[in-house]
Amino acid sequence: MKTTYREAVRKALHEALTRDGRAFLMGEDVGRYGGTYACSKGLLAEFGPDRVRDTPLAEGGFVGAGIGAALGGMRPIVEIMTVNFSLLALDQIVNNAATIRHMSGGQFSVPLVIRMATGAGRQLAAQHSHSLECWYAHIPGIRVVAPATIEDARGMLWTALQDPDPVIIFEHATLYNLEGDLADDAGAVAIDRAAVRRPGRDVTLIAYSANVHKAMEAAEALEADGISAEVIDLRSLRPLDDETILNSIRRTHRAVVVDEAWRTGSLAAEVSARIMDGAFYELDAPVARVCSAEVPIPYPRHLEEAATPQPGTIAAAAKILVTGHG
Amino acid sequence: MKTTYREAVRKALHEALTRDGRAFLMGEDVGRYGGTYACSKGLLAEFGPDRVRDTPLAEGGFVGAGIGAALGGMRPIVEIMTVNFSLLALDQIVNNAATIRHMSGGQFSVPLVIRMATGAGRQLAAQHSHSLECWYAHIPGIRVVAPATIEDARGMLWTALQDPDPVIIFEHATLYNLEGDLADDAGAVAIDRAAVRRPGRDVTLIAYSANVHKAMEAAEALEADGISAEVIDLRSLRPLDDETILNSIRRTHRAVVVDEAWRTGSLAAEVSARIMDGAFYELDAPVARVCSAEVPIPYPRHLEEAATPQPGTIAAAAKILVTGHG
Amino acid sequence: MTPGGAKPRLDRPHALDLLRQMLRIRRFEEKCAELYGAGKIRGFLHLYIGEEANAVGVIRALAADDAIVATYREHGHALARGIGMRPIMAEMYGKAAGCSRGRGGSMHIFDAATRFYGGNAIVAGGLPLAVGLALADKMQNRARVTACFFGEGAAAEGAFHESLNLAALWKLPVLFVCENNFYAMGTALERSESQTDIRRHAESYNVNGAVVDGMDVVAVEVAATRAVASIRESGTPYFLENRTYRFRAHSMFDPELYRDKAEVDHAKERDPIHLFQDWGLTAGLLHDADVKTIERDAAAEIEDSIAFAEAAPWEPVEDLLRDVHTPLTAQAAE
Amino acid sequence: MTPGGAKPRLDRPHALDLLRQMLRIRRFEEKCAELYGAGKIRGFLHLYIGEEANAVGVIRALAADDAIVATYREHGHALARGIGMRPIMAEMYGKAAGCSRGRGGSMHIFDAATRFYGGNAIVAGGLPLAVGLALADKMQNRARVTACFFGEGAAAEGAFHESLNLAALWKLPVLFVCENNFYAMGTALERSESQTDIRRHAESYNVNGAVVDGMDVVAVEVAATRAVASIRESGTPYFLENRTYRFRAHSMFDPELYRDKAEVDHAKERDPIHLFQDWGLTAGLLHDADVKTIERDAAAEIEDSIAFAEAAPWEPVEDLLRDVHTPLTAQAAE
Ligand SMILES: Cc1ncc(C[n+]2csc(CCOP(=O)(O)OP(=O)(O)O)c2C)c(N)n1
Ligand SMILES: Cc1ncc(C[n+]2csc(CCOP(=O)(O)OP(=O)(O)O)c2C)c(N)n1
Ligand SMILES: [Mg+2]
Ligand SMILES: [Mg+2]
């Protein structure tokens, strides 16, 4: 069946609301507006305003309320419109969602799912283009996933909803229009493992979310240059699937980590450090990182493109690793 | 002159308020209470309630007001009581303080200094023991420093205040009682370079803030085992001083990075990745990281100690690097 | 003493219970201060001494299946709620027998059995949780109330505003209890709020409320009972501002530079325990012997809890990573 | 039309200016919508069409050295403030000749010369900035006002609460202008605020305020003039709630599922430009020829700004890292 990433998200939400009476969706404009990215269009009509709940502009408040509702036996799916606004809810996520289980000595779990759009690429400038997945991946007590494909957009939510602890789902805003096939019986998928999206021999390109597609493009370009690139889609950002990453490095001996976050303190740094930890003696060259430039994302397209990872820059970094020159 | 870290901070604040009429201190309990850590004791009496300004509990509000006041020509020194509460102000820091210069095309600068206490070690449990310096070090547009010594506590503030852009100063809460000597004429210090606190040949221990002292202890213990450890105090967390780090690695060929943050996504990961970038072929062993365990910090002392870096664990990691075994 | 002047009809068991609850909180905390000095309790310790009437009066008005969200100053609430003094004391020690398995300490008392959701050390951080707990009740058609305690300092936080609005907008059964002790650490109310009449804020969200003498346990209980009845009937939130006073320092680190001893002494003249005890004795509802018994029982209970905490083992370091995530077994059992 | 019924005395230049300002904003934005369709403007584009009376009326009441803090829906404010249409249009294009050197785009118009502090795309994110700007003025004994514009949706954010309280507590010269267009994206006021009478909130901080017909430019100017006078006299903040309506979609991505065309059409009957123009014509203050001239001038100005933006060069990619930090030369010059 031909479909889109957006439609896959919508189907996943529909399934959640249908199968679990405790599940409800809440966030800014998820109801009447149909979701900023139209992911919840039609759900209000079907499930009513209690279960498809429009919230006021109060990110800290309604995320905290989601945590409380989870403590109270519900299975809230809280949509934060974008990662940019999630900063207003970060205290609730760090200090309540992620810690209540521990602080209570294991008495309470917080079965909460938070979804948010992330990333640059739509010329939305400095306040609306953040990629802060790395911050969330830093927090013990939560799980962080990033569906890059239509299957994962369709399948990760249900699995996340079964988790007794908080799960954060990052949807890159440029992916919603992604088109592709989805099996009619597509459903829940495992969320703890990375996936090899393309096998290769000479270098491993490690990415997540929208950048998986850029890495795939880069791999194709490299192929034309006679370089065989493996592409890993991290899928789970916390915990990271070291095994899949290290297995690949043991075969290719070289890695490029792609991350739309600013380079310093990116998740790419963590992946690089883990490869150092786990496969140092396997490496034929230092791990390369292709990240965003250290600048608030500028509005004009040519500058935004220059600031963020692109297939060309990924391929160039890989080529240098493999051939020693660009 | 014998003094304390706390007193050095107080002197620095006193100097700022004395020398720059545009400077003022604002934050929760900086005035009547004298500062949660007593760093501003006596300043209210000397400079009055306008310039030593107690704020309501409203971290986002008063940090944002600090940004506005900086735009309006003042030189605010905003104290956020601890990094734990800074999450409530993170939106203002990321989306305004760090970006206004860029978004305005260079028309406006934000000469703001934010000070905050950070870190674990006082049995304050899961919500009051964060070490989120790595998050701040991720943000383009701000400078981040961490004074580990009495000289730096005394001297970094004035330099930070001269910076036309936002500077964040992290003071580890366990340092305030640190005693030591301070030259009578001690004053401003450069804030952009790391410092070699102890020279060594076999391994480089890289740390910042309170953990510099733990690394120094570890170095002494290693000395007794015949291992010569160099200790680097990062001092500036953003930008990182690659040169000092890489120069050291080129001599010792081994590094242990110490960071009180949770391991995944710590600043230690960034330092490790940079060593990979810049000195891969110089390394005799993979860079080791000694960080906090991936658990919200527990209250009991023995568990808190087990969760955070200690001289013993640092020394052990270094020993394995140098000798191949513990 | 109460707004109307006269006490509502209290029977003897009721009066005894009010006194007993307040006294055992007081004596428990006095002992905690000692234990802090002795290094048995570490970290932050925020005493409730002087404010006991609030927890005792409000919590008596709650049903067993109502929920409580409290702050770092929550020993009184935990004891009044009926969490055992043994697990509370063990928690203060950081022992694995503590109610939060020792992981939380003084600021993070949790108890599933009594629906006690912490012990939150972020000022105003608990308010959104209370809103969510009430939302869960409403969505599941349960007639439960969630009582949320916080200080007047919390009223300046954005979370206060967002939570009051959500609770009012969605008509949720939350009892907001603002324990106004007139200081947030060293910051006096008038230096933190442009509007020192905090209930006016509640009104601005169309939330009903009342101001109560938080040194008068009976007045608190009467007001809270009314409030809870109003919530159960209307399903909408209610706001209590309890005017009270903290007799001790904010925490064990506070040199109290910001207020005069005279002011504190003046406030102590309205010690909630003395007020109630004197009234009870005068009214003939309580007798000197009762007070003695209560004191003796409290002392015994405290000694017992200390013995328990002292004897309890430390959690093994190997268990460090426990309770970050819910183990699979617990998941299956759910 | 105005609360009192009659218009205050306007002279002809004044009336001409009000109409001119509103019309050039309207025509500018209509053109921007076209340019968006043509791919010349990208990112988010939030039109102010229908709300022009607010920026025009309020900003006329400000002095040249007063400050403005606005939102992502700020083209009208920028134009009314006197920032040139050429640098604004170039900014919309993302050209280096833009007022923010093209880095910001539609949502981030900044201008030091007119003290225009953005263009803030985080809802309620500008309020604390306005408080701080006013604090700087107060501490430096400058009699300036900071006007802060935001939507009614922003009133639910914690930043609103914290900012109002700080401004009132510290007695700061802030003019808060809530442009209540009754929707925050697709969320109607009554689904976002338990208290739909937003001024009631301001009152709860002891901030004086007024409700204004935001479709009546003269009423807005009168109210703003009064508000600014009150601020300059008292040094304390003031709150205006301007009731208005957004005629277009929230942004170019909004399918407007949440409101009926009939509702929009009804609101359009009170188009601020028509209302004022009709009144002016009837009152004999304006003549048909004036309208024609204004329209012609606006069209010419817009064409000129487009030509300017089209001809302006892109910033070279090599300059990508500019303006993250203040260069040392600028520091020395300060
Ligand atoms: C968000 C946040 N900011 C600051 C603190 C530090 N702090 C702890 S208690 C306190 C005072 C709170 O006062 P109030 O709400 O009146 O409660 P009280 O302590 O008087 O019971 C402060 C500032 C904190 N814990 N959380
Ligand atoms: C903190 C935050 N949350 C959400 C958004 C997304 N968003 C942008 S505008 C808007 C609606 C704001 O409504 P209102 O304040 O009434 O202003 P209006 O757009 O009607 O002028 C929303 C939800 C945002 N920019 N910032
Ligand atoms: Mg208080
Ligand atoms: Mg609006």
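Both the backbone and the side chain of Val317(D) come within contact range of chain A, each with at least one heavy atom under 4.5 Å from a heavy atom of that chain. In this structure, no portion of Asp323(D) lies under 4.5 Å from any heavy atom of chain A. When heavy atoms are compared at a cutoff of 4.5 Å, Ala154(D) approaches chain A solely by way of its backbone atoms N, CA, C and O. Within the 4.5 angstrom heavy-atom criterion, no atom of Asp319(D) approaches chain A. Of the atoms belonging to Met107(D), it is side-chain heavy atoms, and not backbone ones, that fall under 4.5 Å from chain A.
Arg122(A) forms a cation-pi arrangement with Phe253(D), by the criterion of a distance under 6.0 Å to the ring centre and an angle within 45° of the ring axis.
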| query | Hey, mind stepping through Tyr258(D) and Tyr183(D) against ring-ring contact (aromatic ring centres under 6.0 Å, His included) and telling me if it holds? | reply | CA-CA 9 Å; Tyr258(D) 49 82; Tyr183(D) 287 92; 5.4 Å; yes
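Between chain A and the options His325(D), Met92(D), Glu193(D), the largest number of non-hydrogen pairs under 4.5 Å is found for Met92(D). Annotation: maximal heavy-atom pairing with chain A below 4.5 Å, among Arg101(D), Lys95(D), Glu315(D), occurs at Glu315(D).
Outside the 6.0 Å centre-distance limit, the rings of Tyr5(A) and His172(A) are not counted as a close aromatic pair. Aromatic ring centroids of His46(D) and Tyr72(D) lie under 6.0 Å apart.
For the residue pair Thr244(D) and Asn54(D), a side-chain donor N or O sits within less than 3.5 Å of a side-chain acceptor on the partner. With 3.5 Å as the limit, one finds no donor-acceptor pair spanning the side chains of Tyr37(A) and Glu171(A).
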